Amino acid sequence: MPPPAATTTTTGSFPNKALHARLLRNGALNADPSAAAPLAASAANSSLPYALSLLQAHPTTFSYNTTIRSLAHGPSPHLAVALYRSMLLNPLSNPNNYTYPPLLAACARLLAARSPKPAAPGTAVHASLFRRGLDSRDRFISASLLSFYAAAGDLPAARQVFDRSPPNQRDLPLWNSLLHAYLSQGLYTQVLHLSRQMPAADEVTLLALVSACAHLGALDTGRWAHAYYARTRRSTTRNLGTALLNMYMRCGDVESAWSVFRETLDKDVRTWSVMIAGLAVNGLPRDALDLFAEMKSIGMDPDSITMTAVLSACAHAGMVDEGKGFLGCMPVEYRLQPTIEHYGCVVDLLGRAGKLEEALALIKSVPFEADVVLWGALLVACRVHKNVHIGQMAAREILKLDPRHAGACVFLSNVYAADGKWDLVQEVRNSMKEHRIFKPPGSSIVELDGVVYEFLSGDHSHPQSDRIYAMLDEVCKTVSLKGHKPSTKQVTFDIDEEDKEVCLSQHSEKLALALGLISTKRGAVIRIVKNLRICEDCHSVMKIVSEVYDRVIVVRDRNRFHHFKNGSCSCLDYW
DNA sequence: CTAGGGTTAG
C-alpha cells in the first residue's frame, strides 16, 4: 500500500510545527537561521507554502540547497527549478557547488517522461553554474551534468563534460555516469570498450556492462563480468543477479541463467519475470509456465510484465486456451488491466495457431485504439499462414497508422506480385521510393574470445574476409549436397539489384556462422545475434550445419531464440 | 560549519 497522500498544504497542520515553535522560543533560529533547513526540506513536498515561508524568514544557502534537493527527488521536480529561481532573487542566499547536483538531477527527471524533451531548464542551469565558475571544478557537478545530458539524449555534450573534467577528478561514479550515458543511447559496443579503460569497477559498472552484453549477446564478456563480481562477493544481489540472468538468457545460455537464478537472494517480481520471459523465448515455454506456477505458490504477485512473459510462453507453446484464460483472469485474479501489449501477445498466439479470424475479432474488440504492433502481429501470422485477405486488411490498417511501415508495404507488394497485378506492385514501389522507405539492413553479431564482430549482408570488412567467404562456399556446397535448395521467397525486391541467390548466400548471419566455424573448435557453441528476424533460408542452412558440422548454434533474432542442434531447431520451425 | 554524484533488468 502506498503511504497516504498529504491531505493538506496549509501550514497549520504540518507535524513539525511544534519543533518549529521550540526552535523559535529557545532562540535557535535566531542564532543559526540554517537550523530551519531540515524543517523546510522535510516540509517541501507536502506543505510547500510552509517551507517557502520558512525560507523567506530564514534565507540561507544551506536551507535553499536542502530544500531544492528534497523537491528534486519528490513528485514534482519542476518545483526544484522554480525554487532555484527564487533563490537567485534572494540576496541573502547564493548558489554554491552543493546547489547544482540535485538541481541537475531535477532537470534530468523533467526529461524522463516528456517528448519533445524540454532540455532548456537544464542547459540554463549549466549556463548559470558556468557563469559562477563552477564548471569542471567539482566532480559531483560533473557527474550530474553528464547525467543530465545523457537524459537529454545529448551524448556529445555528455562526453564533453567527461573530457573536460580534470583527470584526477574522474572517479568511479563519473565513469559510471559516462557508461550509462552510452548504454542509454544503445551504444553497447562502446560500453564494452569504455569499461576496459576504467581503472576500477563496482556493481554499478558491472550492471551497465552486463546490460550491454545482454543487448549484444556478448557471452564471454558477460561471463567475465560475472566472474569479476563473484571474486569479491559471496552472494549475488538482486539487481545484478537479475541483470546477469537476463544477460545469460539473452545469450541463449539457459543453464547459466538457472544457476544465477538459484543463487540470487531476495528475488523480486523483475527477477522472476526475466526468468519466465527468458524460458519462453528459449524454446522452453512449459518450464516458463511451471516457474510462473512456482512464483504464485510462494506468494509473489505477478505484475503486468510477468503476464506479458506468461502470454508469450503460451504463444510459444501453442497453448491457445491457456493463453486466453490468463488474459481473461488478469483483472480478477491479479488486479491487472490488460494493456495493448497483452492483447498483442494473444493476437500473436491466435495468429500462430492459424486462428486468424479470431485474432481479427480480438483486435476489433480491444478497448483501445489498435496500434501498429497489434496489426503487425496479425500481419506476420497472415504471412506465415498465407492468408491474403486478412493480411491485406491488416497491411492497410497499418499503413493508415504509419504510411512508412516497411513490413506492410513489402507484404502488399508481394501479394500483388503473386497475383500478377504489376501496376499495383509499381504503385507500392513508387510510394516506398517517395517516402524513402527501406528495410533496415540485416546485421549479425558474433563474439569470439571476448571480441565482438558485426557483419552486414555481403560484408567484406573483416580482416579474415577471404577465409570467411571460402568457408561460406564450403557450407553452401555441403548444404546443397544435403538437398538444400536456396529459398528466395523472402528476398524482398527492394534490397538491391543483385542476384537474389547471391544476396541470400551472403546474409549477415551466414557470414557470422562462417567466422564462427573457422575460429572455434569442433563442439564449441556458436552464438549469433541478429537484429531482424532470421530468414527461412538461413534457418534451414543452420539446421543442416548443426548436424553436419556437429555444432550447437544459438541464434537470437528480433523476437526469440533458435537453438540448432542435431539438425533441428528449438523453435520447431515456427517463428 | 552543515550537504552532494552514478541505480541497472522485461
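Note that the structure is predicted; figures quoted are calculated from it, not measured. Here is the naming used below: chain letters follow the sequence lines, and residue numbers restart at 1 for every chain.
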What is the distance from [atom1] of [X] to [atom2] of [N], rounded to the nearest Å?
X	N	atom1	atom2	answer
L240(A)	dT7(B)	CG	P	15 Å
I276(A)	dA9(B)	CD1	P	18 Å
L209(A)	dT7(B)	CG	P	16 Å
R109(A)	dG6(B)	CZ	P	11 Å
N65(A)	dG4(B)	CG	C1'	9 Å
H215(A)	dA9(B)	NE2	P	6 Å
F62(A)	dG4(B)	CZ	C1'	11 Å
L178(A)	dT7(B)	CG	P	12 Å

Check every strand shown and say whether [X] touches a base, only sugar-phosphate, or nothing at a heavy-atom separation below 4.0 Å.
X	value
R69(A)	sugar-phosphate
S273(A)	base
V274(A)	sugar-phosphate
S177(A)	sugar-phosphate
S211(A)	sugar-phosphate

May I ask you to check whether T205(A) and N176(A) show a side-chain donor-acceptor distance below 3.5 Å?
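Note: T205(A) and N176(A) side chains meet the donor-acceptor criterion.
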Just jot down the side-chain contact (heavy atoms from CB on, under 4.5 Å) partners of N246(A), sequence neighbours excluded, or say none.
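Counting only residues at least two positions away or on another chain, N246(A) forms a side-chain contact (heavy atoms from CB on, under 4.5 Å) with A214(A), R250(A), V274(A).
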Tell me which pairs pass ring-ring contact (aromatic ring centres under 6.0 Å, His included) where either residue lies in residues 218-242 of chain A, with sequence neighbours left out.
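Of all non-adjacent pairs touching residues 218-242 of chain A, those that pass ring-ring contact (aromatic ring centres under 6.0 Å, His included) are W224(A)-Y228(A), H226(A)-Y248(A).
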Sequence neighbours left out, what pairs pass ring-ring contact (aromatic ring centres under 6.0 Å, His included) with at least one residue falling in residues 267-292 of chain A?
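Matches after skipping sequence neighbours: F261(A)-W272(A), F292(A)-F326(A).
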Under 3.5 Å, which donor-acceptor pairs do the side chains of residues 21-34 of chain A form with other protein atoms, sequence neighbours left out?
unit_1: N26(A); atom_1: OD1; unit_2: A28(A); atom_2: N; d: 3.0
unit_1: D32(A); atom_1: OD1; unit_2: S34(A); atom_2: N; d: 3.0
unit_1: S34(A); atom_1: OG; unit_2: T60(A); atom_2: OG1; d: 3.1

Side chain of N176(A), base of dG5(B): donor and acceptor closer than 3.5 Å?
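Looking at the base of dG5(B), it does not pair with any donor or acceptor on the side chain of N176(A) (distance under 3.5 Å).
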Quick one: does D138(A) reach the base of dG4(B) with a side-chain donor-acceptor pair under 3.5 Å?
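Present.
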Picking from [options], which would you name as closest to the side chain of [X]?
X	options	result
D32(A)	dG6(B), dG5(B), dC1(B)	dC1(B)
S34(A)	dG5(B), dT2(B), dT7(B)	dT2(B)
R270(A)	dG10(B), dG4(B), dG6(B)	dG10(B)
T242(A)	dG6(B), dA9(B), dG4(B)	dA9(B)

For [X] and [N], is the shortest distance between a side-chain N/O and OP1 or OP2 below 4.0 Å?
X	N	value
N246(A)	dG10(B)	yes
R250(A)	dG10(B)	yes
H73(A)	dG5(B)	yes

Pairs satisfying side-chain hydrogen bond (donor to acceptor under 3.5 Å, both in side chains), at least one member in residues 120-130 of chain A, at least two apart:
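Listed once each, the pairs are Y84(A)-S128(A), H126(A)-D135(A), H126(A)-Y149(A).
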Close approaches to DNA chain B from residues 290-311 of chain A, in residue order (heavy atom, under 4.0 Å)
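By residue number: D303(A), I305(A), T306(A).
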Passing candidate, side chain to side chain contact (heavy atoms under 4.5 Å, CB included) with I68(A), options T99(A), V81(A), L79(A)
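Single pass found, and it is T99(A).
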Please step through side-chain contact (heavy atoms from CB on, under 4.5 Å) for the pair N559(A) and V281(A), ending with a clear verdict.
CA-CA 8 Å; N559(A) 297 319; V281(A) 295; over 6 Å; no
Less than 5.5 Å between centroids and less than 30° between ring planes, does F140(A) satisfy that with dG5(B)?
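No, F140(A) does not stack on the base of dG5(B).
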